[in-house]
Amino acid sequence: KSALRGWMEANTTWQLWCNVGSLPDFKSATIAGLGGFPDLDLIPRSGGPYQEHSMDDVHETAQLATYGALFSIGRQTLIDDDLGAFTRVPMKMGSAAARKVNMLAYDRLVNGTSETLTQDSTALFDAATHANYVTSGAAPSVTTLDAGFVAMAKQQPPIRSGETSNDYLNISPAYLIVPKALETTSRVLVTSTYDPAGTTASVSRRDAPNPFQGRLEVVSDAYLDGAGITAGWYLAAARNGVIDTVTVFFLNGMQEPYLEQVDHSPTSDGVTYKVRMDAVAKALDFRGLYYNDGVT
């Protein structure tokens, strides 16, 4: 119960924007996606012929890993613990498990410019092929958010080579994911009635409406700051929607950490706690994610 309390009370944010999945074992698993259907052909008034089309088979792979640690306490130390500090050890271990899962999820964003997707052997965030990465960018603003919204709306589903499609996904971002360094200005941006860039010296800017008011949920996590993302920011599609983003998989869907208390052998006194977590985080598609590095 103490470990579960630590897990639940940890200040993690991955669950606000990530999807959750389940894997049955530790073998490499293929996570199947579904490509888009090509454009329909004009059928003559005579009634045919209809042409056969096919859909692209897209997939990513994910493999669970185990994370854990031990903590041992001797008998005399337990007896001398007048304030019961060591009774909180399981709670601390539960919190550590929660932080590990949070780190796994955010690492997919932090490493998104180098980690490649199986479907096209291209980095998750790529300017040329995926059109979801802005270098020499700028902080979140009406102008930069507009560029991100347009880029995500114009993403197209994968189709087989030789097929044609004019289908656009019209993805609308749901989350603005930022480091703590950008949290306050980002919250001002998404709640302001007017464009925050406006000033009293510029009437046209001062009175310009903010088209992004109430359209995004700001998610901020200090792990991004610690990983060196202090100016960059991300957009992500809605959780559990039709577009995949980052999914955190657990063994048989068990999200809580496993904690075991093991008494020492007859040759020694004390107790050992063991905490274990089986999880993996995987970016399943690039179309629902967008990154602006914020560096002008």
Side-chain angles (χ1 to χ4, degrees), residues 14 17-19 21 23 28-39 53-65 103-138 144-145 147-178 223-224 227-229 231-239 241-249 280-295:
W14 68 269
W17 61 276
C18 290
N19 296 319
L23 292 175
S28 180
T30 298
I31 314 300
L34 193 62
F37 199 79
D39 291 337
H53 288 290
S54 59
M55 299 177 68
D56 197 14
D57 179 20
V58 295
H59 68 275
E60 296 297 326
T61 59
Q63 187 169 15
L64 286 170
M103 181 192 75
L104 294 176
Y106 278 100
D107 273 347
R108 305 290 69 76
L109 300 182
V110 172
N111 301 322
T113 57
S114 58
E115 291 183 351
T116 60
L117 298 178
T118 302
Q119 60 183 271
D120 58 6
S121 300
T122 303
L124 171 64
F125 296 117
D126 177 81
T129 304
H130 291 169
N132 67 345
Y133 179 30
V134 176
T135 59
S136 299
T144 57
L145 284 183
F149 268 67
V150 171
M152 290 182 67
K154 292 171 65 176
Q155 291 286 3
Q156 294 182 283
I159 60 170
R160 285 190 180 277
S161 177
E163 300 279 14
T164 59
S165 174
N166 290 307
D167 186 20
Y168 293 93
L169 294 174
N170 282 311
I171 302 169
S172 183
Y175 310 106
L176 173 57
I177 304 171
V178 299
Y223 185 77
L224 292 174
I229 308 295
W233 50 275
Y234 306 85
L235 294 174
R239 293 174 64 246
V242 296
I243 303 298
D244 287 319
T245 56
V246 173
T247 298
V248 180
F249 295 93
V280 63
K282 187 69 178 180
L284 298 183
D285 203 342
F286 64 87
R287 296 168 180 84
L289 293 166
Y290 177 89
Y291 176 43
N292 183 311
D293 69 2
V295 181

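Looking at heavy atoms from C-beta onward, Thr113 lies out of side-chain contact with Leu124 at the 4.5 angstrom threshold. At a threshold of 4.5 Å between non-hydrogen side-chain atoms, the residues Thr122 and Leu117 do not count as touching. Under the 4.5 Å side-chain criterion, counting only non-hydrogen atoms from C-beta, Lys282 is not in contact with Ile31. Using a 4.5 Å cut-off on side-chain heavy atoms (C-beta onward), Ile177 and Leu224 make contact. Using a 4.5 Å heavy-atom threshold, the side chains of Thr144 and Trp233 count as touching. Counting heavy atoms from C-beta outward, Thr245 and Arg108 have side chains that stay 4.5 Å or more apart. By the 4.5 Å heavy-atom criterion applied to side chains, Leu109 and Ile229 are not counted as neighbours.
In this structure, CG on Asn111 lies 14.5 Å from OH on Tyr106, to the nearest 0.5 angstrom. Note that OG1 of Thr61 is 10.0 Å distant from CG of Leu284, once rounded to the nearest 0.5 Å. Atoms CG and CZ, on Leu104 and Phe249 in that order, are 13.0 Å from each other to the nearest 0.5 Å. Taking CG of Leu289 as the start and CG of Asp244 as the end, the distance is 10.0 Å to the nearest 0.5 Å.
Residue Trp17 comes nearest to Ala105 through the heavy atom pair CH2-O, 4.1 Å, listed as atom of the first residue, atom of the second, then distance. Heavy atoms only, all atoms of each residue included: Pro157 and Arg287 are closest at CA-NE, 4.0 Å. Taking each heavy atom of Met152 and Leu235 in turn, the nearest pair found is SD-CB, 3.8 Å. The heavy-atom pair separating Ser114 from Ala123 by the smallest distance is N-CB, 4.3 Å. Residue Val58 comes nearest to Pro158 through the heavy atom pair CG1-CG, 3.5 Å, listed as atom of the first residue, atom of the second, then distance. For Ala131 against Ala151, the heavy-atom pair with the smallest separation is O-CB, 3.8 Å.
Not one N or O on the side chain of Asp285 forms a donor-acceptor pair closer than 3.5 Å with the backbone of Glu60. Side-chain atoms of Asn292 never come within 3.5 Å of backbone atoms of Thr135 as a donor-acceptor pair (strictly under, hydrogens ignored). Looking only at distances, a side-chain donor or acceptor of Gln155 sits under 3.5 Å from a matching main-chain atom of His130.
The residue from Asn132, Asp126, Thr129 that alone fulfils the side chain to side chain contact (heavy atoms under 4.5 Å, CB included) condition with Phe286 is Asn132.
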Exercise for review: Go through the steps for His59 and Thr118 under the test side chain to side chain contact (heavy atoms under 4.5 Å, CB included), then give the verdict.
Suggested key: CA-CA 7 Å; His59 68 275; Thr118 302; 3.8 Å; yes
Point to revise | Residues Val242, Ile171; criterion side chain to side chain contact (heavy atoms under 4.5 Å, CB included); working and verdict | key: CA-CA 9 Å; Val242 296; Ile171 302 169; over 6 Å; no
Exercise for review: Verify side-chain hydrogen bond (donor to acceptor under 3.5 Å, both in side chains) between Asp293 and Tyr133, making sure each step is shown before the conclusion.
Suggested key: CA-CA 8 Å; Asp293 69 2; Tyr133 179 30; 4.6 Å; no
**Study point:** Chi angles and distances behind the side chain to side chain contact (heavy atoms under 4.5 Å, CB included) call for Tyr290, Val134
**Key:** CA-CA 8 Å; Tyr290 177 89; Val134 176; 2.9 Å; yes
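Under the ring pair (Phe, Tyr, Trp, His ring centres under 6.0 Å) criterion, Phe125 pairs with Tyr234, Tyr291, sequence neighbours left out.
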